[in-house]
Engineer: 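Please find one structure pasted underneath; my questions will follow.
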Amino acid sequence: MQYDADKLMEYFSEAPADIDMAELDMERIPHHISCIMDGNGRWATSRGLARTEGHKAGIVSLREIITACVRLGVDVMSAYAFSTENWNRPQHEVNVLMHLFAKTFIDELPLLKRENVRVVFLGDIDALPKKTRDVFEYGLKECAGHTGMVLALAVNYGGRAEIVRAARDIARSVADGSLDIDDIDESAVAERLYTSGLPDPELVIRTSGEIRVSNYLLWQIAYAEFYITDTYWPDFDRWGLVRAILSFQGRDRRFGGLSAAK
Ligand code: FPP
């Protein structure tokens, strides 16, 4: 994706002492960066606040990381907002999150329009409360013509459920004769996932120090590089993102082969 060098320099001016922006290789910015936004609850409780305050603070970080990804020319930024397992949280927290998702989408429409960001949802949106669903549908229409960075929001998303859904769709296609069993290949699965048409994540960032995948993009992360930081999501900012990308650029990605040096 194209990036505007002036806007980039402006957004990333005054780097902290441990970051040298000149070290960032703009030719090797990951095409798809994915964030597991973890630690909102702990951020809040460590400050004596209600967990839901952590989610509100997490929105501020999300806005900053979306803007930073646009400035860097990232093609796709995805974020894990609500898993199929998150329904097990206390009803009050679920309600607040559903309200927050809708409110955030409306509040951020000016940003999404200004930055030409296209939004897609990953997950079973139909199962969300009607109010949230209606706002999502309205927001999607508002952003429909955008051609810039894709923001993929995983809401009511589960990696296993996504693969089961694709398997059912393949079975249906075989049953109605539109797909031959011998034509089932990786692309037949990939094009039936919520991420159809999007590149796989090259860099997955997980905040709050947890080292697990949590049923996230199980198919798509086959060759992703992971970056784990102890920082809670509400404290994660543009510089955290740059640190993650610098770490990514320092890695030897072999995709099962041998490195060029060997
Ligand atoms: C994980 O922290 C975070 C979430 C479950 C929700 C994150 C959602 C947002 C920041 C808003 C996204 C906005 C839109 C429009 C989709 P946690 O509660 O698991 O934290 P903990 O591990 O410390 O308990």
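The analysis underlying the following values was restricted to heavy atoms, covering all of them including side chains, and did not include hydrogens, waters or symmetry mates. By convention here, the first residue in the shown sequence is residue 1.
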Engineer: Do the non-hydrogen side-chain atoms of Ile170 and Arg168 ever get within less than 4.5 Å of each other?
Structural biologist: no

Engineer: Examine distances only and state if a side-chain atom of Glu53 and a backbone atom of Ala44 form a donor-acceptor pair shorter than 3.5 Å.
Structural biologist: no

Engineer: Classify the side-chain pair Gln220/Glu162 by whether it contains a donor and acceptor separated by less than 3.5 Å.
Structural biologist: yes

Engineer: Given 3.5 Å as the limit, does a donor-acceptor pair link the side chain of Asp75 with the main chain of Met1, or not?
Structural biologist: yes

Engineer: Are any side-chain N or O atoms of Asp235 and backbone N or O atoms of Tyr232, one a donor and one an acceptor, separated by less than 3.5 Å?
Structural biologist: no

Engineer: Can you give me the closest heavy-atom contact between Met37 and Thr207, atom names plus distance?
Structural biologist: C-OG1, 3.8 Å

Engineer: Do Val74 and His32 have side chains that get closer than 4.5 Å, going by heavy atoms?
Structural biologist: no

Engineer: Taking atom CE of Met9 as the centre, report whether more than 12 heavy atoms of other residues, nucleotides or ligands fall under 6.0 Å from it.
Structural biologist: no

Engineer: Ignoring hydrogens and angles, state whether a donor on the side chain of Trp87 or Asn156 is under 3.5 Å from an acceptor on the partner side chain.
Structural biologist: yes

Engineer: Looking at Glu225 and Arg253, would you say the former's side chain and the latter's main chain have a donor-acceptor pair under 3.5 Å?
Structural biologist: no

Engineer: Which atom names give the shortest non-hydrogen contact between Leu193 and Ala166, and what distance separates them?
Structural biologist: CD2-CB, 3.9 Å

Engineer: Answer whether the closest heavy-atom distance between the side chains of Ile245 and Asp25 falls below 4.5 Å.
Structural biologist: no

Engineer: Determine whether Pro129 and Asn95 make a side-chain contact, defined as any pair of heavy atoms from C-beta on separated by less than 4.5 Å.
Structural biologist: no

Engineer: Between the side chain of Ser178 and the main-chain N/O of Ser173, is any donor-acceptor distance below 3.5 Å?
Structural biologist: yes

Engineer: Got a second to check how far Ile228's CD1 is from Ile36's CD1, nearest 0.5 Å?
Structural biologist: 7.0 Å

Engineer: Using modelled atom types and a 3.5 Å cut-off, is there a donor and acceptor pairing between side-chain atoms of Thr45 and backbone atoms of Gly48?
Structural biologist: no

Engineer: Taking atom types as modelled, is there a side-chain donor on Glu93 or His55 under 3.5 Å from an acceptor on the other?
Structural biologist: yes

Engineer: What's the verdict on side-chain contact (heavy atoms from CB on, under 4.5 Å) for Val76 and Met149, showing C-alpha distance, side-chain angles and the deciding distance?
Structural biologist: CA-CA 6 Å; Val76 182; Met149 185 180 84; 5.8 Å; no

Engineer: Within a radius of less than 6.0 Å around NE2 of His146, do more than 12 heavy atoms belonging to other residues, nucleotides or ligands occur?
Structural biologist: yes

Engineer: For residues Tyr157 and Thr84, determine if any side-chain heavy atom of one lies less than 4.5 Å from a side-chain heavy atom of the other.
Structural biologist: no

Engineer: Where the side chain of Ser61 meets the backbone of Phe236, is there a donor-acceptor pair that is under 3.5 Å apart?
Structural biologist: yes

Engineer: So Phe136 and Phe105, would you call those rings parallel, tilted or perpendicular, with 30° and 60° as cut-offs?
Structural biologist: perpendicular

Engineer: With rounding to the nearest 0.5 Å, note down the distance linking CH2 in Trp233 to CH2 in Trp43.
Structural biologist: 14.0 Å

Engineer: Are Cys69 and Leu241 side-chain neighbours, meaning at least one heavy-atom pair lies under 4.5 Å?
Structural biologist: yes

Engineer: Name the orientation class of the two ring planes belonging to Tyr80 and Tyr216 (parallel below 30°, tilted from 30 to 60°, perpendicular beyond 60°).
Structural biologist: parallel

Engineer: Please check if any side-chain donor atom of Asn116 sits under 3.5 Å from a side-chain acceptor atom of Thr147, or the reverse.
Structural biologist: yes

Engineer: Given Val174, which of Ile181, Asp169, Asp183 fulfils the side chain to side chain contact (heavy atoms under 4.5 Å, CB included) condition?
Structural biologist: Ile181

Engineer: Establish, yes or no, whether the cationic atom of Arg206 lies under 6.0 Å from the six-membered ring centre of Phe226 and within 45° of the ring axis.
Structural biologist: no

Engineer: Could you point out which residue of Asp18, Asp230, Asp20 forms a salt bridge (Lys or Arg N to Asp or Glu O under 4.0 Å) with Arg243?
Structural biologist: Asp18

Engineer: Establish, from distance only, whether the side-chain atoms of Thr67 and Arg63 form a donor-acceptor pair under 3.5 Å.
Structural biologist: no

Engineer: Given 3.5 Å as the limit, does a donor-acceptor pair link the side chain of Ser46 with the main chain of Arg42, or not?
Structural biologist: yes

Engineer: In Å and rounded to the nearest 0.5 Å, what is the NZ to CG distance from Lys130 to Leu128?
Structural biologist: 12.5 Å

Engineer: Can you tell me how far CZ of Arg160 sits from CD of Glu85, rounded to the nearest 0.5 angstrom?
Structural biologist: 9.0 Å

Engineer: Show, in sequence, the C-alpha distance, side-chain angles and deciding distance for Leu62 and Val60, and conclude whether the side-chain contact (heavy atoms from CB on, under 4.5 Å) test is met.
Structural biologist: CA-CA 5 Å; Leu62 180 59; Val60 180; over 6 Å; no

Engineer: If you count every heavy atom of other residues, nucleotides or ligands that lies below 6.0 Å from Arg47 atom CZ, does the total exceed 12?
Structural biologist: yes

Engineer: More than 12 non-hydrogen atoms from neighbouring residues, nucleotides or ligands closer than 6.0 Å to CZ on Arg118, yes or no?
Structural biologist: no

Engineer: Is there a donor-acceptor pair closer than 3.5 Å between any side-chain N or O of Glu210 and the backbone N or O of Asp38?
Structural biologist: no

Engineer: Would you say Arg71's side chain and Tyr11's backbone share a donor-acceptor pair under 3.5 angstrom?
Structural biologist: no

